[in-house]
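Everything numeric here is computed off the predicted structure, so don't read it as measured data. The first residue of the sequence shown is numbered 1, and numbering continues consecutively from there.
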Amino acid sequence: MAQELEDIIQYASIPVLVLLGSSDQDVMNHITDLGAARCLSKPIRPGILAQAINDILLSDSETGTGKYAEPAPSHPADWLSGTRILVADDNDINRKLMRNVLGNYAATVICTEDGAQAVEAVRDMPIDIALIDIHMPNLNGLEAVAQIRQIPEAKTLPLIAMTADAMGRNRAEIENSGFDTFLIKPIEEEDLLSVIAKFLFKEDGGPEGFKSSAQKAFLSRRQLPVYDRPQAIRITGNSPRIATTMLNQLVESLEDSMEEIARLVEEKDWKALWQNIHKLQGAAAICAVPALSASLNRLQVAVQNKNAEITAQELKETNSEMQRLIQYHAELD
């Protein structure tokens, strides 16, 4: 059987996905070294299998070959089995990404769209760790955490803030609240799993490990790439297909979003302006377009300070970054 499998892999004209009744990493590595597109150990969750097939088909169509080895997972597939993780975020894409990444490790993921729903979820069911966005409607993350800490069962519940705003004032508010630590969006899988390991399993890692993403936000826009595909794939839990889809969706809606922002700048509707920029900045961050994301962050700060002159300057810079991204995307086709 081993020789037959080797012959199939080496002489197949299409990508080969091997389903192995063993989790022996040496055996799996040997199979991928032979040229298998992927090697998965049974039992296999349907979502993992579907994602592997999608990624193989995407890779095959883009490069003309299906001979790719599956990235080695950082933890076993059942690492978070039995763990209930609350994700509170008003952005649907963020919730889907978190559900995808955490679901790959068998976690039970409970998603809510605002702070009020997050508080209710903690009251109504056992939660092992909560990931809470700072800027949400109805009840923001800081307000939600204040209420959660009043729930007797949640006094020691690990609460992790998620924010795309790396500015000092926002950090100070988080550090003085009931949060245990924070993650800077876009959140990469390695950082996410590290903070979960620290608070649930007392493994090494924690706030000190999450400086790199924050530091990127302060680089010059021209030092940042238009698109960081490796980061985009890491953010999506190693899914090139999802990363490409997200970039396409962002670019398709970008001009309309910026036109609405420009209109609100003219009207000096600071509240609505801030909300629109924050929403777009979050989308840019998770799509891994660092230069545009940094421009939007600076524009958001100018709007927060209600500085009309600086806002106009930053809007011009952001429009320039938008055009760079659109041109880059067009050249990919």
**OP:** Please lay out, stage by stage, how R263 and E267 fare under the test salt bridge (charged side-chain N to carboxylate O under 4.0 Å, His left out).
**Re:** CA-CA 6 Å; R263 182 185 68 80; E267 296 177 0; 2.7 Å; yes
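- Exactly one residue among K96, K185, R95, K279 makes a salt bridge (charged side-chain N to carboxylate O under 4.0 Å, His left out) with D89. That residue is K185.
- Closest of all the heavy-atom pairs between V109 and R99 is O-NH1, 3.3 Å.
- Below 30°, between 30° and 60°, or above 60°: for H135 and H278 the angle between ring planes is above 60°, a perpendicular geometry.
- Formation of a donor-acceptor pair under 3.5 Å by the D133 side chain with backbone atoms of M136 is not found in this model.
- From T244, atom OG1 reaches atom CD1 of I233 across 7.0 Å, with rounding to the nearest 0.5 Å.
- For the side-chain contact (heavy atoms from CB on, under 4.5 Å) criterion with F179, the lone passing option out of T163, I160, L159 is L159.
- When all heavy atoms of L200 and D128 are compared, the pair lying nearest together is CD2-O, 3.4 Å.
- T318 and R298 share no donor-acceptor pair across their side chains, judged by distance under 3.5 Å alone.
- Without hydrogens or angle criteria, N305 side chain to N307 main chain gives no donor-acceptor distance under 3.5 Å.
- Nearest heavy-atom pair across A121 and L86 is CB-CD1, 4.0 Å.
- Considering all non-hydrogen atoms of both residues, I134 and A161 come closest at CD1-CB, 3.8 Å.
- Across all their heavy atoms, V145 and I132 have their closest contact at CG2-CD1, 4.0 Å.
- How far CE of M98 is from CG of N91: 11.0 Å, rounded to the nearest 0.5 Å.
- Counting all heavy atoms, side chain and backbone alike, Y105 lies closest to V101 at CD1-O, 3.4 Å.
- Here the side chain of R149 pairs a donor or acceptor atom with the backbone of L157 at under 3.5 angstrom.
- Note: T108 OG1 to R84 CZ = 6.0 Å, rounded to the nearest 0.5 Å.
- Side-chain contact between R229 and P240: present, with at least one pair of heavy atoms (C-beta onward) separated by less than 4.5 Å.
- In summary, of the residues considered (V303, T311, L299), a side-chain contact (heavy atoms from CB on, under 4.5 Å) with I261 occurs for L299 alone.
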**OP:** Verify side-chain hydrogen bond (donor to acceptor under 3.5 Å, both in side chains) between S293 and Q281, making sure each step is shown before the conclusion.
**Re:** CA-CA 6 Å; S293 181; Q281 202 275 337; 2.8 Å; yes
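- No hydrogens or angles considered: nothing links the side chains of Y328 and Q323 as a donor-acceptor pair under 3.5 Å.
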